[in-house]
Asker: 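Sending over a structure as structure tokens; questions will come in a sec.
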2 protein chains.
Amino acid sequence: MDFEPLGLATDLVILTVRDGRLQVLLIRRGIPPYQGRWALPGGFVRPDEDLETTARRELAEETGLSAERIHLEQVATYGAPDRDPRGRVVSVAYLALVPDLPAPVAGSDAASASWVDATDVLDDSGRLAFDHHRILADAVERARAKLEYSPLATAFCPAEFTISELRGVYEAVWGLPLDPRNFHRKVTKTPNFVAPLGTTTTRDGGRPAQLFHRGTATTLHPPMTRT
Amino acid sequence: MDFEPLGLATDLVILTVRDGRLQVLLIRRGIPPYQGRWALPGGFVRPDEDLETTARRELAEETGLSAERIHLEQVATYGAPDRDPRGRVVSVAYLALVPDLPAPVAGSDAASASWVDATDVLDDSGRLAFDHHRILADAVERARAKLEYSPLATAFCPAEFTISELRGVYEAVWGLPLDPRNFHRKVTKTPNFVAPLGTTTTRDGGRPAQLFHRGTATTLHPPMTRT
DNA sequence: TGACTTCTCGTCAAGATGACGATTAGAGTG
DNA sequence: CACTCTAATCGTCATCTTGACGAGAAGTCA
């Protein structure tokens with residue numbers, strides 16, 4: 001079987017919540033095309049390598065994290081014939097959600113990598129190389145939608161978190177404030193969304209807050225409402 | 001730039017609702033590999049052809065429909081190195097929803113194509129070639145989920161339809177009965193889900209039913225519940 | 001001690017849901 | 001034509017969920 005010349009790559013939309021804002025990991029491209037421009041981290045799929053394996057490898061390279069526990073999901077595939085000036089390159093986009101990292105992007109081999117406010121990038125459709133603006137927009141929209149009906153927000157949190165830290169994730173991703181009391185009610189009354197640890201922390205100031213970890217639920221019924 | 005040898009294909013999950021059941025269009029493979037087995041229709045992406053263009057072309061070839069009005073969306077991409085014995089073939093799966101066709105699969109060039117009950121196929125994980133069982137399962141799950149929060153069900157209906165025909169779509173896709181009165185209330189009270197035409201039909205028997213067409217809504221708030 | 005912050009529980013009206021009764025308007029039949 | 005059958009459509013009602021917001025609890029900080 002002979003095939004047309006074709007490149008297969010994965011691009012990663014790595015999101016985190018820092019300082020109450022949704023941020024995305026971008027790299028500055030060191031080589032043409034789009035040299036010097038910001039882009040999503042990514043790379044070519046190796047022969048005999050599964051797509052998700054490629055994505056996890058890239059994720060580990062960029063974040064320095066052993067990427068096993070990280071939430072990673074496929075978003076979509078982009079294959080417009082002219083999307084890469086080097087030739088036909090089809091890219092499978094993955095969305096990764098990571099907690100606020102203790103070490104800021106250690107071990108990255110990219111020319112320079114940094115966290116950037118996602119909304120800033122989304123507001124400027126010309127900032128990113130290739131069709132990465134579109135990919136980012138699709139991935140962020142996926143994340144926003146999944147917060148509604150899945151416990152995905154916990155993927156942004158460390159293993160132990162408070163209800164208000166979880167609320168901060170929703171507020172950052174959705175970009176709107178939520179009522180702390182109603183949020184607390186919703187989260188704690190949805191079966192298996194979160195599980196209490198019995199311990200408390202005062203790291204958020206104010207009255208000590210209970211610590212929770214992820215529950216076993218996979219979907220939220222009824223969903224969290226984006227109002 | 002030189003690339004590893006690699007094939008790029010699209011596979012189509014074409015769904016319809018006939019006789020109150022969710023059905024999928026399958027072809028019987030005329031050539032190896034998996035000769036004689038059932039498979040999803042699909043084909044290789046041509047040079048300089050966009051992924052969705054390929055999918056629409058295949059859709060038109062299989063159904064004989066000018067595929068412009070047909071709902072078509074990308075589901076996921078499958079790229080396990082050993083998923084095709086001919087070599088590395090990455091496949092982008094698309095989901096197409098078509099109304100109950102007047103002409104049954106006219107103009108198909110496949111060896112033989114036919115509508116098969118989706119639940120039957122899903123119950124037998126060895127029926128389909130390649131990883132097509134997995135692709136079908138993912139696509140059907142996507143369709144089931146989207147019925148909850150989008151007006152997608154109208155894509156299974158002709159331009160004009162009654163509320164009970166729409167309910168039939170939900171019941172077929174979800175595989176469970178819905179209360180006709182509550183469904184009627186929900187559909188007609190959700191703004192812009194459907195718009196009345198003012199005319200009626202008796203094609204469903206019983207009291208004449210109002211005819212509706214699609215509304216302008218893109219999401220359902222709150223979603224339709226799968227109970 | 002007192003101010004301040006945040007957590008957590010409560011209340012209440014409005015809206016949505018699920019269960020189901022009842023009526024309506026046609027087709028089919030003797 | 002009356003009678004039956006089917007399905008569409010409207011209504012009722014208890015229950016659940018939401019959104020808005022009051023109020024107390026339990027820490028830290030000066």
Side-chain angles (χ1 to χ4, degrees), chain A residues 19-20 147-149 151 153 157 160-172 174 176-213 217 219-227, chain B residues 19-20 147-149 151 153 157 160-172 174 176-213 217 219-227:
Chain A
D19 302 325
L147 288 204
E148 291 187 1
Y149 57 88
C157 296
E160 302 183 356
F161 53 86
T162 67
I163 300 293
S164 22
E165 286 162 357
L166 185 61
R167 176 166 49 85
V169 168
Y170 275 89
E171 293 176 330
W174 285 348
L176 38 84
L178 300 174
D179 183 282
R181 298 157 289 188
N182 292 338
F183 183 85
H184 190 278
R185 175 181 63 190
K186 174 73 176 175
V187 167
T188 54
K189 295 210 170 171
T190 299
N192 303 314
F193 187 1
V194 295
L197 284 166
T199 54
T200 60
T201 180
T202 60
R203 65 182 174 226
D204 299 325
R207 171 175 169 180
Q210 275 195 80
L211 283 169
F212 293 82
H213 56 70
T219 55
L220 267 42
H221 281 300
M224 188 84 66
T225 46
R226 216 192 292 201
T227 314
Chain B
D19 302 325
L147 288 205
E148 291 187 0
Y149 57 88
C157 295
E160 304 183 356
F161 53 87
T162 67
I163 301 293
S164 25
E165 286 163 356
L166 186 61
R167 177 167 49 84
V169 169
Y170 276 88
E171 293 177 329
W174 285 349
L176 38 83
L178 298 175
D179 183 283
R181 296 156 292 185
N182 292 337
F183 183 85
H184 190 279
R185 175 181 62 190
K186 173 73 176 174
V187 167
T188 53
K189 295 213 170 170
T190 298
N192 304 315
F193 186 2
V194 297
L197 284 166
T199 53
T200 59
T201 179
T202 60
R203 67 182 171 223
D204 299 325
R207 173 176 168 179
Q210 275 195 80
L211 284 168
F212 293 81
H213 56 69
T219 54
L220 268 40
H221 280 301
M224 187 83 65
T225 46
R226 214 193 291 203
T227 314

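Bear in mind that the values here come from a model prediction, so they are computed numbers and not experimental data. Protein chains get the first letters and strands the later ones, always in sequence-line order, with residue 1 at the start of each.
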Asker: Mind checking whether A/Leu197 and A/His213 have side chains closer than 4.5 Å, heavy atoms only?
Answerer: yes
Asker: Is there a donor on the side chain of B/Arg181 or the base of D/dG11 sitting less than 3.5 Å from an acceptor on the other?
Answerer: no
Asker: Only one of A/Thr202, A/Val194, A/Thr200, A/Thr201 forms a side chain to side chain contact (heavy atoms under 4.5 Å, CB included) with A/Thr162, so which one is it?
Answerer: A/Thr201
Asker: Of all heavy-atom pairs between A/Ala217 and A/Pro191, which one has the smallest distance, and what is that distance?
Answerer: CB-O, 3.7 Å
Asker: Rounding to an integer number of Å, can you tell me how far B/Arg226 CZ sits from C/dG18 P?
Answerer: 13 Å
Asker: OP1 or OP2 of C/dT17 versus the side-chain N and O atoms of B/Lys186: is any pair under 4.0 Å?
Answerer: yes
Asker: Consider the side chain of B/Asp179, meaning its heavy atoms from C-beta on, and name the nucleotide among C/dC20, D/dC21, C/dT8 that approaches it most closely.
Answerer: C/dC20
Asker: On the side chain of B/Arg185, is there an atom forming a donor-acceptor pair with the base of C/dG18 - under 3.5 Å, no angle test?
Answerer: yes
Asker: In whole Å, what is the span from the CZ atom of A/Phe183 to the P atom of D/dT17?
Answerer: 17 Å
Asker: For the pair made of CG in B/Leu178 and C1' in C/dA16, what is the distance, rounded to whole Å?
Answerer: 16 Å
Asker: Closer than 4.0 Å, any side-chain N/O of B/Thr202 to the OP1 or OP2 of C/dA25?
Answerer: no
Asker: Below the 4.0 Å mark, does C/dG18 have OP1 or OP2 next to a side-chain nitrogen or oxygen of B/Thr225?
Answerer: yes
Asker: At 4.0 Å (heavy atoms only), tell me whether A/Arg203 reaches a base, stays on the sugar-phosphate, or touches nothing.
Answerer: nothing
Asker: Please evaluate the base of D/dT6 for a donor-acceptor partner in the side chain of B/Arg207 within a cut-off of under 3.5 Å?
Answerer: no
Asker: Heavy atoms, side chains only, cut-off 4.5 Å: are A/Asp204 and A/Glu165 in contact?
Answerer: yes
Asker: Of the options C/dA25, D/dT17, C/dC20, whose atoms approach the side-chain atoms of A/Pro222 most closely?
Answerer: D/dT17
Asker: Is it the case that the side chain of A/Tyr170 and the backbone of A/Ala153 share a donor-acceptor pair, with hydrogens and angles ignored and the cut-off at 3.5 Å?
Answerer: no
Asker: Could you check if a side-chain atom of B/Leu211 sits within less than 4.5 angstrom of a side-chain atom of B/Arg203, using non-hydrogen atoms only?
Answerer: yes
Asker: Quick one, which residues of residues 188-196 of chain A touch DNA chain C with a heavy atom under 4.0 Å?
Answerer: none
Asker: Starting from P on D/dG19, measure out to CE on A/Met224 and report it in whole angstrom.
Answerer: 10 Å
Asker: To the nearest Å, how far apart are B/Leu211 CG and C/dG26 P?
Answerer: 14 Å
Asker: Mind checking if A/Asp204 touches a base, just sugar-phosphate, or nothing, with heavy atoms under 4.0 Å?
Answerer: sugar-phosphate
